[in-house]
Number of protein chains: 2
Amino acid sequence: MFRTLLTAAAVSALLAGSAHAQDVKTAEGLRDKALLDRTAWDITEDLTTNIGPRLVGSPAMERAKDWGAAKFKALGFTNIKVEEFAKPSWTRGEESAELVGPYPMKLGIVGLGRTVPTPAGGIEADVALFKTYADLIVAPESAVKGKIVVITQPMVKAQDGAGYGVAGISRRAGPTEAAKKGALALLIRSISTSDSTVPHTGVTAFGDGVVTIPAAAIGVPEAEQLERLAAKNTLRIKLKLASTVDAKDVAWNISGEIKGSEKPDEVIVIGGHLDSWDVGTGALDDATGVAITTAAAKLIGDLPKHPKRTIRVVMFGSEESGGSSEAYLEAHKNEVSKIVLAGESDTGADRIYSLKLPAGGGAHPLMKTAAGVLAPLKIYVNQAPAAHGGADIAGLEQAGVPSIELEQDATRYFDYHHTADDTLNKVRPDELAQNVAAWASFLYLVADSDIDFRALKAAAPAASH
Amino acid sequence: MFRTLLTAAAVSALLAGSAHAQDVKTAEGLRDKALLDRTAWDITEDLTTNIGPRLVGSPAMERAKDWGAAKFKALGFTNIKVEEFAKPSWTRGEESAELVGPYPMKLGIVGLGRTVPTPAGGIEADVALFKTYADLIVAPESAVKGKIVVITQPMVKAQDGAGYGVAGISRRAGPTEAAKKGALALLIRSISTSDSTVPHTGVTAFGDGVVTIPAAAIGVPEAEQLERLAAKNTLRIKLKLASTVDAKDVAWNISGEIKGSEKPDEVIVIGGHLDSWDVGTGALDDATGVAITTAAAKLIGDLPKHPKRTIRVVMFGSEESGGSSEAYLEAHKNEVSKIVLAGESDTGADRIYSLKLPAGGGAHPLMKTAAGVLAPLKIYVNQAPAAHGGADIAGLEQAGVPSIELEQDATRYFDYHHTADDTLNKVRPDELAQNVAAWASFLYLVADSDIDFRALKAAAPAASH
């Protein structure tokens with residue numbers, strides 16, 4: 001004998017009248033199938049192994065573009081598009097740093113993304129060391145001028161990755177602020193939650209009209225060593241950075257669709273980014289984001305009947321240096337009103353622990369059903385509304401597209417982020433699969449519904465924003 | 001009111017008549033004081049920060065030698081000696097490796113210690129990849145000749161570090177065996193228990209009459225990447241290694257003593273090694289060994305009355321490349337019969353979990369007392385006799401000196417061993433202190449006794465060996 005049991009989520013759905021029981025059953029089936037599906041792992045392994053690191057403008061990124069379109073095709077996606085946009089490239093050259101005084105010691109470094117180079121002979125100067133970014137800001141020009149500034153501010157480890165924004169200012173604004181005070185170069189403690197020597201790159205930015213200076217990151221133990229030495233010594237460092245730029249380079253956003261069965265012009269846009277830094281193989285950042293969203297949509301595409309709305313997966317082509325988001329909005333500005341929801345997976349592949357919905361979305365019966373489907377995956381629906389779904393969908397968000405966040409546990413993510421250690425062996429297959437399960441089941445419920453997050457947001461009380 | 005309680009160990013000692021109750025109380029006092037003492041931390045921080053990496057033959061090693069003698073003096077040691085011996089030095093130059101095909105990708109490497117250099121233009125060749133050292137051994141010459149051999153055998157993580165000897169053969173004998181078959185160069189997966197990109201160096205050796213080839217280590221993710229790529233592609237790698245040697249260089253064993261109060265010519269020799277690899281700052285390997293043994297002896301030296309026998313701490317001067325052990329034996333061959341026990345701390349600074357005694361020692365009542373003193377530190381007396389107390393005391397052991405092993409938990413040690421990540425931030429202060437507590441309390445008991453391990457060993461049944 002064999003009995004069909006209604007799950008708690010299905011019962012809840014029936015009582016709420018929010019989703020057909022069949023939809024809940026399908027979502028749960030997708031969820032459970034995803035936990036045993038290896039598509040996301042295969043995509044991650046394939047991209048990191050056979051393409052490798054893929055910096056915008058590199059030959060590898062061009063191979064990645066072809067790989068992405070071929071992958072969509074092989075997995076049964078339709079309406080595959082490769083949308084080109086202009087993106088000046090930046091290519092790293094040889095880099096080195098050495099502590100010259102009080103004694104000679106090599107310092108492992110990585111230049112910040114898009115840093116200017118040093119003169120070919122390098123820069124050698126005394127050090128002005130600041131334990132926080134704030135210390136640099138309040139320092140008099142006389143303490144900085146003509147020196148190599150070192151900022152050793154550490155990053156807080158947090159499940160939601162909140163430490164990144166706080167510590168990351170040293171990387172984003174540090175070069176500008178140090179340059180304003182006449183510094184010759186900047187070294188920052190890596191924006192890292194690990195205790196490793198492996199340095200973290202990441203894009204830096206310079207303000208308009210500010211003299212730019214070369215900037216690089218050192219490992220955590222080296223930053224601590226310099227702090228200890230600086231307490232009793234004048235430090236002197238020699239730094240060499242080389243790089244080249246090509247203003248005429250291009251990048252691509254690549255997309256494929258699982259076409260909706262009833263309202264194909266209503267589109268859910270999800271994705272990750274295909275580009276990576278040139279160190280490591282961009283496994284957690286963001287081969288897994290590409291893999292999770294592609295695998296989730298593929299599972300839905302394999303259903304006997306597609307959900308009502310179209311699910312479009314985008315492999316964004318220039319997240320690390322910026323540009324994908326603006327390019328995507330520009331290419332799709334005429335269909336913005338038909339994009340019913342957007343989401344991005346770009347915080348590695350550790351387990352999802354929370355779902356953040358557009359403001360007002362949490363009260364909708366379908367979302368209560370979704371909470372039931374996600375609960376066995378140990379995901380709760382966060383009371384805070386989604387603030388920002390990802391760098392590549394920021395343009396869509398600004399144009400009014402509602403977005404979700406399926407929040408990944410970032411406790412470990414910033415140990416490896418933007419380093420040579422962002423490699424396949426840091427991906428945990430079971431947690432990767434949990435991500436796919438969450439995306440597939442949640443996406444299906446929304447895609448097979450009429451839920452209108454824009455209207456819910458408009459109706460939501462201001463206090464919930 | 002205040003009462004003096006006899007501890008279990010003290011009661012046991014009294015019953016066994018093995019040690020004066022006062023001795024047990026003193027040993028327990030040393031143990032408990034050591035847990036709160038920061039001498040070992042200060043030594044470790046000072047050596048790694050103010051001397052830094054200290055390869056044999058480097059200016060830093062010469063500074064370390066002076067540092068060691070000054071440290072002994074500052075801590076109240078007497079009979080301080082700096083014993084020079086001949087040691088050819090080897091100095092690393094620029095090193096790089098790149099995967100050339102199937103696509104270009106930089107490979108982080110570190111040359112094995114004392115490797116020969118490549119020609120200045122480097123070596124570029126197709127790859128013969130072997131997943132184990134055994135596979136290389138059985139491979140026909142035709143599969144190896146003219147190629148760069150890559151061995152990707154992983155290392156087993158184990159509390160007692162047993163995986164090191166097994167996997168380490170790729171480093172020790174790999175270059176010889178690959179050269180015999182006509183290989184142009186060797187790359188090995190780092191002898192590592194971590195999942196990190198940071199490569200591990202360590203000395204390699206060449207057999208007499210064998211053509212030597214350049215040899216380096218790659219990180220764990222790179223080794224796994226090459227394995228995956230080699231399954232479907234012919235790999236091509238370009239390798240550059242530079243180094244210089246100086247046949248006339250010297251090294252030093254530095255020692256200081258806590259002089260015995262009654263039998264000063266009976267000596268216990270303990271220590272760690274002062275030299276380190278040139279990557280990292282030699283924190284776990286072996287600043288902490290120097291720190292643990294020095295701090296333990298210093299605590300004993302601070303007692304109102306020194307124990308009967310002399311405790312001598314040696315900072316060995318060339319463990320990584322070999323030479324300290326032979327030099328120490330040569331310089332002390334005339335006093336070998338008076339060295340009653342030897343021990344070395346050279347597996348980092350994680351907690352000690354086991355004490356191994358010379359064969360026959362475990363049955364002695366004093367050692368049963370010692371077991372009681374060590375038990376609160378979560379250390380048990382291992383039934384297996386000490387096999388080998390450390391590389392630097394191997395010469396003494398071969399000359400008949402009994403040795404102990406205070407076995408440190410090596411689970412984490414080979415994550416960092418011989419890498420740029422062997423830095424102060426990997427040392428756990430509480431576990432470092434536990435080490436000092438064990439050494440100080442155990443040493444005191446032996447030093448204030450007449451226990452004769454040589455005689456016990458001679459009397460022990462063969463089965464216990």
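A quick note: this is a predicted structure, and the numbers were derived from the prediction, not measured. Naming: A, B, ... by sequence-line order, numbering from 1 per chain.
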Could you check which of A:K232, A:K106, A:K426 has the highest count of heavy-atom pairs closer than 4.5 Å to chain B?
A:K426
Please determine, by modelled atom types, if A:N425 and A:T423 share a side-chain donor-acceptor pair under 3.5 angstrom.
yes
Chain B contact via A:T281 - side chain, backbone, both or neither, heavy atoms under 4.5 Å:
side chain
In this structure, CG of B:L129 is separated from OG1 of B:T152 (nearest 0.5 Å) by 4.5 Å
What option among B:S196, B:A283, B:G219 has the most heavy-atom pairs under 4.5 Å with chain A?
B:S196
Quick check on A:D278 against chain B: is it the side chain, the backbone, both or neither that has a heavy atom closer than 4.5 Å?
neither
Please classify the contact of A:E227 with chain B as side chain, backbone, both or neither, using a heavy-atom distance under 4.5 Å.
neither
Rounded at 0.5 Å granularity, tell me how far CE in B:M315 sits from OG1 in B:T294.
4.0 Å
Heavy-atom nearest pair, B:E95 first then B:G111, reads OE1-N, 3.0 Å
Heavy-atom distance under 4.5 Å to chain B: side chain of A:I51, backbone, both or neither?
backbone
Heavy-atom contact with chain A under 4.5 Å, split by part of B:S96
neither
Is B:E98 salt-bridged to B:K240, cutoff N-O under 4.0 Å?
no
Parallel, tilted or perpendicular, judged at 30° and 60°: which one describes the rings of B:F414 and B:H417?
perpendicular
Part of A:L424 lying under 4.5 Å from any heavy atom of chain B:
side chain
